[in-house]
Amino acid sequence: MNNNIENTLKWMKHHLNEADNIVAVLGIEMVLEGGGKALLDNEETYRVEDEYGYAPEEMLTGAFYSAKREKFYQFYKKEIASMQVNPTATHDALKQLQDKGKLKAIINTNYHEVPKYMGLNNIINLHGSLNENHCTKCHKMFNNSYMIKSEGVSLCDECQSPIRPGIRLIDERVNDEVLTRAVHALERADMVLYLGWIFTDEEIKYKTDRYVTQKRMAIGHNPSAVRAKLDFAVKGEVNKILPRLL
């Protein structure tokens, strides 16, 4: 790394040590670094469209779920529910910050719950979770394993009604209660860590731009894609950079 980057890392480490209330916002690069895929990338979009006859951004909508449920579940189970995402050094670093009493909340913009499995607390799943699926009639809850193992359209084992995936689909709003939790966490933070490419959500962009007293750092392959006022930004792999700051 050149001297400018080393100086930036030095200052980031200093402010990280000074912070008492850190909120980490996890972007899609957490999935990629853990071995998963970004289905909305051009290469993956072409592959998915060739295999299923529809683009992923079309299939990941409430309208498609309602109109073409069998095709939706064919795509959802294979491409999303069965995607393997592993923990990385980033999660270990976040656990260290939590154990020091510094990390107070995680805003997870991904569906996968790797942070939870790593012992991280106060996780706000902005777009829902693969393990919070519910029956559309009796509202019984089902985990991701049940969804994967079921054949065709996933049905409730009690009333045989379709199960609604627990993720926010593209044409749906962020849940108001979840959004409120995220905003309150950001309001209290003295530092926000943006880890990986983030922020396609105009609601969050609007809310975060209101807070001007906190420090904001971004790490990722395209940190400029974080639509927030940043104090520091470093381009590169999060799982290699964040551990260096502890």
Side-chain angles (χ1 to χ4, degrees), residues 1-38 40-43 85-110 112 114-115 117-124 126 182 185-201 204-205 207-246:
M1 291 189 176
N2 60 41
N3 290 335
N4 288 336
I5 295 178
E6 288 294 343
N7 288 335
T8 299
L9 291 175
K10 178 180 177 181
W11 279 107
M12 290 173 72
K13 182 173 183 177
H14 168 75
H15 288 291
L16 199 63
N17 288 333
E18 292 293 313
D20 293 315
N21 190 326
I22 300 171
V23 172
V25 187
L26 309 186
I28 187 62
E29 287 176 41
M30 299 300 94
V31 171
L32 300 179
E33 292 183 6
K37 300 176 181 179
L40 299 184
D41 280 356
N42 288 337
E43 185 175 337
V85 181
N86 301 308
T88 70
T90 298
H91 299 98
D92 293 330
L94 291 173
K95 184 64 165 59
Q96 290 182 50
L97 288 173
Q98 177 178 282
D99 291 345
K100 292 178 181 179
K102 292 178 175 289
L103 182 66
K104 304 299 185 182
I106 291 174
I107 300 175
N108 184 23
T109 69
N110 305 308
H112 302 82
V114 177
Y117 303 143
M118 292 297 291
L120 293 164
N121 303 322
N122 198 18
I123 302 165
I124 302 166
L126 196 64
L186 291 167
E187 284 179 330
R188 294 188 293 267
D190 58 11
M191 174 177 288
V192 181
L193 282 175
Y194 301 105
L195 304 178
W197 188 92
I198 312 164
F199 282 14
T200 58
D201 301 291
I204 294 296
K205 173 185 178 293
K207 300 293 185 182
T208 54
D209 279 349
R210 293 166 51 193
Y211 312 124
V212 296
T213 59
Q214 60 198 197
K215 294 294 181 182
R216 299 177 185 178
M217 302 181 184
I219 306 171
H221 287 291
N222 187 14
S224 63
V226 178
R227 286 178 276 175
K229 297 177 178 131
L230 297 172
D231 295 287
F232 303 98
V234 175
K235 185 175 181 178
E237 294 183 36
V238 182
N239 61 9
K240 292 182 179 178
I241 295 173
L242 183 61
R244 294 186 58 187
L245 303 180
L246 304 186

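In this structure, Gln98 contributes its side chain and Gly119 its backbone to a donor-acceptor pair below 3.5 Å. Checking side-chain atoms of Asp190 against main-chain N and O of Asp20 turns up a donor-acceptor pair under 3.5 Å. A distance-only check finds a donor-acceptor pair linking the side chain of Asp231 to the backbone of Arg216 [under 3.5 Å]. Lys102 contributes a side-chain N or O that, together with a main-chain N or O of Ala19, makes up a donor-acceptor pair within less than 3.5 Å. At least one donor-acceptor pair under 3.5 Å links the side chain of Gln214 to the backbone N or O of Ala189. The backbone N or O of Asn110 sits less than 3.5 Å from a side-chain atom of Asn108, completing a donor-acceptor pair. The closest donor-acceptor contact from the side chain of Glu33 to the backbone of Glu237 lies at 3.5 Å or more, if one exists at all.
Counting heavy atoms from C-beta outward, Thr90 and Met30 have side chains that approach closer than 4.5 Å. Val192 places none of its side-chain heavy atoms less than 4.5 Å from the side chain of Met217. Counting only heavy atoms from C-beta outward, the side chains of Ile22 and Lys104 never approach each other to under 4.5 Å. Counting heavy atoms from C-beta outward, Ile106 and Val23 have side chains that stay 4.5 Å or more apart.
Looking at every heavy atom in both residues, Val238 comes nearest to Pro243 through O-CD, 3.7 Å. Here the closest non-hydrogen pair linking Gly236 and Ile219 is O-CG2, 4.5 Å. Ala182 and Leu126 make their closest contact through CB-CD1, 4.2 Å (heavy atoms, listed as atom of the first residue, atom of the second, distance). Among all heavy-atom pairs drawn from Val85 and Gly36, the shortest one is CG2-CA, 4.2 Å.
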Could you walk me through whether His112 and Val31 pass side chain to side chain contact (heavy atoms under 4.5 Å, CB included), step by step? CA-CA 8 Å; His112 302 82; Val31 171; 4.3 Å; yes
Would Glu6 and Arg244 count as a salt bridge (charged side-chain N to carboxylate O under 4.0 Å, His left out) here? Give the steps. CA-CA 11 Å; Glu6 288 294 343; Arg244 294 186 58 187; 3.3 Å; yes
Determine whether Asp92 and Asn239 satisfy the following criterion, side chain to side chain contact (heavy atoms under 4.5 Å, CB included), listing intermediate values before the conclusion. CA-CA 9 Å; Asp92 293 330; Asn239 61 9; over 6 Å; no
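Rounding to the nearest 0.5 Å places CG of Leu97 at 9.0 Å from CG of Asn17. Put simply, CZ on Phe232 and CG on Leu193 are 12.0 Å apart, with the number rounded to the nearest 0.5 Å. A distance of 11.0 Å separates CG in Leu32 from OG1 in Thr88, rounded to the nearest 0.5 Å. Between Leu103 atom CG and Asn122 atom CG the span is 8.5 Å, to the nearest 0.5 Å. Of the inter-residue distances, the one linking His14 atom NE2 with Glu18 atom CD reads 4.5 Å to the nearest 0.5 angstrom. One distance of note links CG of Leu16 with CG of Leu9; it measures 11.5 Å at 0.5 Å rounding.
In this structure, Tyr117 has its ring center at least 6.0 angstrom away from the ring center of His91.
Residues that satisfy the side chain to side chain donor-acceptor pair (under 3.5 Å) test with Lys95, not counting sequence neighbours, are Asp99.
Here the options are Leu195, Thr109, Ile123, the test is side-chain contact (heavy atoms from CB on, under 4.5 Å), and the partner is Leu26; only Leu195 passes.
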